[in-house]
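The chains referred to below are lettered A, B, ... by the order of the sequence lines, with proteins before strands, and numbering in each begins at 1.
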Amino acid sequence: MQKVIVGNHAVSWGVKLARTEVIPAYPITPQTQIVEELSEMCASGELPARFIKVESEHSAMASAVGASAAGARAFTATSSQGLALMHEMLHWAAAARHPIVMADVNRALGPGWNIWTDQTDSLSQRDTGWLQLYCENNQEVLDTTIIAFRLAEALDLPVMLVLDAFYLSHTSEPVDIPDQALVDSFLPKREAHYKLDINEPHAFNALVKPDDYMEMRWHMHDAQRRALELYPQIESEWLALTGRYYGMIEPYRTDDAETVLITTGTVTSTARYVIDERRSRGEKVGLVKIKMFRPFPVEAMRAALKGIPRIAVIDRNISPGNGGIFAQELRSALYGSDSDAAPQFNGYIVGLGGRNVTPDTINGIIDHVQSGETVDRPDIWVGVKA
Amino acid sequence: MRELRIHGRGGQGAVIASKVLAVAIFKEGRWVQSFPAFGVERRGAPVTAFLRVADSPVLLRCEVTTPDDLIVLDPTLLDAIDITAGLKPGGSILINSAAAPEAYAHIGPYRIATVDASAIALKYGLGSRTQPIVNTAIVGAFAVFSGLVSLDKVCAAIEDEVPRHAEENVAAAREAAELVRIAQEAAHV
C-alpha cells in the first residue's frame with residue numbers, strides 16, 4: 001500500500017508492523033507525532049501493545065529496559081534534551097544487552113533553545129553501546145525501523161534509528177507500507193535469550209567485580225562488530241522481499257570520481273541532486289552516504305574511498321573544540337590505510353540548528369575542495385555570519 | 001519539477017492545504033513532497049508551507065525559495081511580508097480575496113487569480129466568522145487555476161485528509177473551483 005505520510009508516521013507504521021509489545025513514551029518536539037500516532041493505534045486496538053505514559057525520558061528508557069528484560073519487544077522515541085536526559089539509561093540498556101529500538105529525531109540541543117535539526121544529540125551518545133542508523137527519506141525510515149528490530153534481537157543490543165527533524169519528521173512523501181504478512185515473515189516474534197521469568201527465577205545486574213566486568217565489555221564490543229557482517233545479510237533478506245536495499249554505506253557515482261562528498265541524513269538527497277547536475281557537466285564528482293555510525297564501517301569506507309584524491313566531509317553537528325564528528329571518525333578510519341598518498345581531506349560544518357542546506361551550500365563546498373585550498377584546521381564552517 | 005509555496009496565518013490550514021494537494025497529485029501518479037516551514041506556529045502568525053511535484057522522487061531537502069506558484073490565504077499578508085520573494089517570472093498567484101484579480105495587477109508580471117474562500121468557508125460552516133478555515137476552498141480553486149491536478153482528485157484527497165466535515169469541505173472546494181476568477185492576461189508592471 002502506498003501512502004503519503006510524514007517521516008514521523010513512517011516510524012509509527014514500522015513499529016506497528018514490527019508487532020511491538022511495549023511502548024513507554026514521553027513527548028518532545030519534533031518527535032511527538034511518532035508516539036501520538038502509536039498511542040492512537042494502541043487505543044483503537046489496531047496495535048495490541050502496552051502504551052505507557054511516563055513522567056520523563058529517563059523513565060521511558062527505564063521502562064523499555066524493564067519490558068525488554070521481561071522478554072517483550074520494546075520501542076520508544078525521543079529528541080535532543082529528551083535523549084540527553086536518557087543518557088544514563090542508554091548505557092544501561094546496551095550493557096544489559098536489551099534489543100530495544102528507539103527513534104531519535106535529530107534536534108539541536110539548547111541553549112539557544114532550538115527545535116530544528118542537528119545531529120549532535122544522537123552523535124553525543126556515541127559511546128553508550130547503541131547501534132546508530134541514519135536515514136535519508138521516509139521509505140528508508142519505515143524500512144529501517146523494521147530492520148532495526150531484527151538486528152537488535154540478533155545481537156542483543158539496542159538500535160537507534162535517526163532521522164532529521166522536519167526535513168523528514170514533518171515532510172510528507174509517498175511511502176510503500178509493506179503487508180503485515182511480509183513483515184511477519186521477516187521479523188518473527190522475539191525469542192529473548194534471557195528474560196525475567198517467575199517460573200525460572202534469575203537475578204540480573206548484580207555487582208560485577210573487576211575480574212568479570214572487562215569480559216562483559218568485550219562481548220558488547222564484539223557484538224557491535226558482528227553487526228558489520230550481519231547487517232548486510234539482514235538487508236539482503238529485506239531486499240528479496242521488498243526490492244529495497246540501503247547498505248551500511250552507499251557509494252553514489254564514485255566510479256572514476258576525483259572529488260567525493262561524505263554525507264548523512266537528508267543532506268545526502270540534496271547532494272545527490274548537486275552531483276547529478278555536475279556529472280551532467282562532465283565533472284568527476286560523487287558521494288558516499290554513511291548510514292551506519294555505530295559500529296563504524298571502517299573497512300567499507302576504506303574500500304569505497306581507495307584512491308580518491310579529494311574528500312569533503314559534510315557534518316551537521318559539532319564537537320566543540322575539535323570539529324565535525326563524522327570527519328573525525330572517518331579521518332581515524334582512513335589513517336594508515338594502504339593508499340600511497342593521503343587524500344586531501346576537508347571537513348565542513350553546515351546547517352547547525354536546522355539552518356537550510358541548499359544546493360548552493362553543497363556547490364560551494366565542492367568548489368572549495370576542488371580549488372585545492374589546503375586548510376590547517378580540521379573544520380571549515382560554511383555560511384557563518386561575521 | 002514544479003514548486004509551490006503557500007502563505008497563510010496560523011489556523012487557516014496552510015499545512016493541510018499542502019498535504020491535500022500532495023495526496024491529490026500523488027493519486028494521479030506523480031511524485032510529491034510537502035512540508036511546512038518549520039517554526040513555532042501560533043494562531044494568526046504568518047505560516048508557510050511548501051509542495052514539490054515531479055515525475056521521479058524529489059531529492060531536494062530544503063525550503064522552496066524559487067516557487068512556480070503561490071497561494072495566499074490571507075490578502076493582508078501581501079502588505080506584511082515579501083510574498084513574491086523568489087517567485088519565477090510568469091509564475092502564478094492565487095489569492096483568497098473578494099476583489100477581482102485585476103486589483104492585484106500591481107504585484108508584478110504574474111498570472112493572478114482570486115477567489116473569496118473566506119465567504120465560501122463560512123457558507124459551509126468551516127471555522128468561525130473571525131477565523132474561517134479556508135484551505136479546502138482554496139485548493140479547489142487551485143485545481144482549476146493551475147491545471148496541475150483534477151478537481152475530483154482534490155476532493156478525494158480532502159476526504160482522505162480532512163475526515164471532519166468532509167462533505168462540507170468537498171462542497172467548499174467544488175464551489176471555489178466554480179467561482180475562481182482568473183485575470184484575462186498576465187498582468188504587467
### Message
Looking at B/R164, I'd like to know if its CZ atom is crowded, meaning that more than 12 non-hydrogen atoms belonging to other residues, nucleotides or ligands lie closer than 6.0 Å.
### Response
no
### Message
Please report the interatomic distance CG(B/D160) to NZ(A/K3), rounded to the nearest 0.5 Å.
### Response
7.0 Å
### Task
For residues B/V32 and A/V4, determine if any side-chain heavy atom of one lies less than 4.5 Å from a side-chain heavy atom of the other.
yes
### Task
Take atom CG of A/D255 as the centre, draw a 6.0 Å sphere, and report whether it contains more than 12 heavy atoms from other residues, nucleotides or ligands.
no
### Task
Mark yes when over 12 heavy atoms from residues, nucleotides or ligands other than A/Q180 sit less than 6.0 Å from its CD; otherwise mark no.
yes
### Message
Under 4.5 Å from any heavy atom of chain B, what part of A/D276 do you find: side chain, backbone, both or neither?
### Response
side chain
### Message
Do A/S172 and B/F35 have side chains that approach each other closer than 4.5 Å (heavy atoms only, starting at C-beta)?
### Response
no
### Under the side-chain contact (heavy atoms from CB on, under 4.5 Å) test, residues paired with A/R279 that sit two or more places apart
A/R253, A/D256, A/A257, A/I275, A/V285
### Message
Would the distance check show the side chain of B/K19 and the main-chain N or O of A/I5 forming a donor-acceptor pair, the cut-off being under 3.5 Å?
### Response
no
### Task
Could you walk me through whether B/R61 and A/E173 pass salt bridge (Lys or Arg N to Asp or Glu O under 4.0 Å), step by step?
CA-CA 12 Å; B/R61 298 278 177 186; A/E173 63 183 2; 3.0 Å; yes
### Summary
Rounded to the nearest 0.5 Å, the CZ atom of A/R272 sits from the CG atom of B/L60 at a distance of 13.0 Å
### Message
Heavy atom to heavy atom, less than 4.5 Å: which residues from residues 62-73 of chain B reach chain A?
### Response
B/C62, B/E63
### Message
For A/Q2, which atoms come within 4.5 Å of any heavy atom of chain B: side chain, backbone, both, or neither?
### Response
both
